[in-house]
Amino acid sequence: MYEARIRLRIAAGDAHYGGGLVDGAHMLKLFGDVATELLIYTDGDEGLFVAYDNVEFLSPVRAGDYIEASGVITGYGNTSRKMAFKAERVIAALPGSDSAAQILEQPVTVCRATGTCMVPKEKQRYSPPRR
């Protein structure tokens, strides 16, 4: 099973609320990027995100945090791909500092989600999907 993983620093410009808080939609954008990589790997095409089945926001994300988003394909249909995603804080910005950060001993899960993507049959370049 292939797992896609990306790591990115949350910039100050990504903060949407007071205290440098970042909106949850930012995590969903990361999951979309992970889904795209998974579909390219398994089908050779970016595909389309159809729906989220479940989204859980578990911990606030702030500007300066480093987030690692990952995902796996959990099921294959004729054109659909079921996926599970997780976003974890791996480095936390230190409150009150404009530049200090802390590498976390244990990542903190900030968001989990499941969803469905699809790749039209005519766009699938690998048959059966590479797993």
Side-chain angles (χ1 to χ4, degrees):
M1 168 174 41
Y2 181 72
E3 177 180 23
R5 183 178 300 270
I6 59 172
R7 183 179 286 191
L8 130 99
R9 179 180 182 274
I10 304 298
D14 296 325
H16 191 71
Y17 301 104
L21 287 174
V22 175
D23 61 343
H26 201 78
M27 297 305 102
L28 300 184
K29 180 185 179 309
L30 294 178
F31 293 161
D33 291 343
V34 170
T36 297
E37 181 178 336
L38 287 168
L39 293 174
I40 290 170
Y41 182 80
T42 59
D43 292 280
D45 189 85
E46 292 182 356
L48 302 167
F49 217 116
V50 177
Y52 281 102
D53 305 315
N54 186 50
V55 178
E56 298 174 273
F57 298 106
L58 303 168
S59 181
V61 175
R62 290 184 166 77
D65 288 348
Y66 280 74
I67 301 297
E68 185 171 275
S70 61
V72 295
I73 295 178
T74 59
Y76 290 90
N78 196 26
T79 60
S80 65
R81 310 290 180 252
K82 294 280 189 184
M83 298 183 183
F85 305 96
K86 178 170 60 172
E88 297 178 308
R89 180 183 310 105
V90 294
I91 297 174
L94 288 182
S97 173
D98 61 354
S99 61
Q102 168 95 25
I103 297 172
L104 302 177
E105 284 187 36
Q106 293 293 319
V108 174
T109 302
V110 298
C111 187
R112 282 190 300 243
T114 56
T116 304
C117 294
M118 64 87 65
V119 179
K121 205 66 163 151
E122 65 275 8
K123 302 259 182 163
Q124 295 175 17
R125 294 184 25 231
Y126 306 132
S127 181
R130 293 174 8 176
R131 300 169 203 233

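Just so it is clear, the structure is predicted and the values come from calculations on it, not from any experiment.
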Apply side chain to side chain donor-acceptor pair (under 3.5 Å) to N54 and list each qualifying residue two or more places apart in sequence or on a separate chain. none
Distance in Å, M118 CE paired with T79 OG1, rounded so as to fall on 0.5 Å steps: 4.0 Å
Taking L48 as the starting point, is it possible to reach V34 by hopping between hydrophobic residues whose side chains are less than 4.5 Å apart? no
Between atom OG1 of T36 and atom CG of L38, what is the distance when rounded to the nearest 0.5 Å? 9.0 Å
By salt bridge (Lys or Arg N to Asp or Glu O under 4.0 Å), E3 pairs with (sequence neighbours left out) R5
To check you understand the geometry: which heavy-atom pair defines the closest contact between G47 and L39, and what is its length? CA-CD1, 3.8 Å
Side-chain polar contacts of residues 82-91 - donor-acceptor pairs under 3.5 angstrom, sequence neighbours left out - could you list them?
residue : atom : partner : partner atom : Å
K82     : NZ   : T116    : OG1          : 3.1
R89     : NE   : D65     : OD2          : 3.0
R89     : NH2  : S59     : OG           : 3.3
R89     : NH2  : P60     : O            : 2.2

Is D33 reaching over with its side chain to a backbone N or O of L30, donor-acceptor style, under 3.5 angstrom? no
Can you find a heavy atom in the side chain of K121 that is under 4.5 Å from one in the side chain of N78? yes
So, using side chain to side chain donor-acceptor pair (under 3.5 Å) as the criterion, who are the partners of E56 when residues are at least two apart? R112
Answer yes if L104 and L58 sit in the same cluster of Ile, Leu, Val, Met, Phe, Trp and Tyr residues linked by side chain heavy atoms under 4.5 Å apart, and no otherwise. no
Roughly how far, to the nearest 0.5 Å, is SG of C117 from CD of E46? 11.5 Å
List the atom of A63, the atom of A12, and the distance in Å for their closest heavy-atom pair. CB-CA, 3.7 Å
Against D43, only a single residue in K123, R125, R81 fulfils salt bridge (charged side-chain N to carboxylate O under 4.0 Å, His left out); can you say which? R81
Mind checking the OG1-CD1 spacing from T42 to I73? Nearest 0.5 Å is all I need. 3.5 Å
Just list the side-chain donor-acceptor pairs under 3.5 Å for residues 15-29, sequence neighbours left out, or say none.
none

Same apolar cluster (I L V M F W Y, side chains within < 4.5 Å links), V108/F57: no
Take a 6.0 Å sphere around CD of Q106 and say whether it holds more than 12 heavy atoms from other residues, nucleotides or ligands. no
Examine V61 and L8 and state if one hydrophobic cluster contains both, with Ile, Leu, Val, Met, Phe, Trp and Tyr joined whenever side-chain heavy atoms are less than 4.5 Å apart. yes
What distance do Q124 atom CD and D45 atom CG have between them, rounded to the nearest 0.5 Å? 8.5 Å
Single-linkage hydrophobic cluster, 4.5 Å side-chain cutoff, V50 and V119 together: no
What heavy-atom pair brings F31 and A113 nearest, and what distance separates the two atoms? CE1-CB, 3.8 Å
List the residues meeting ring pair (Phe, Tyr, Trp, His ring centres under 6.0 Å) with Y52, not counting sequence neighbours, and say none if there are none. F49
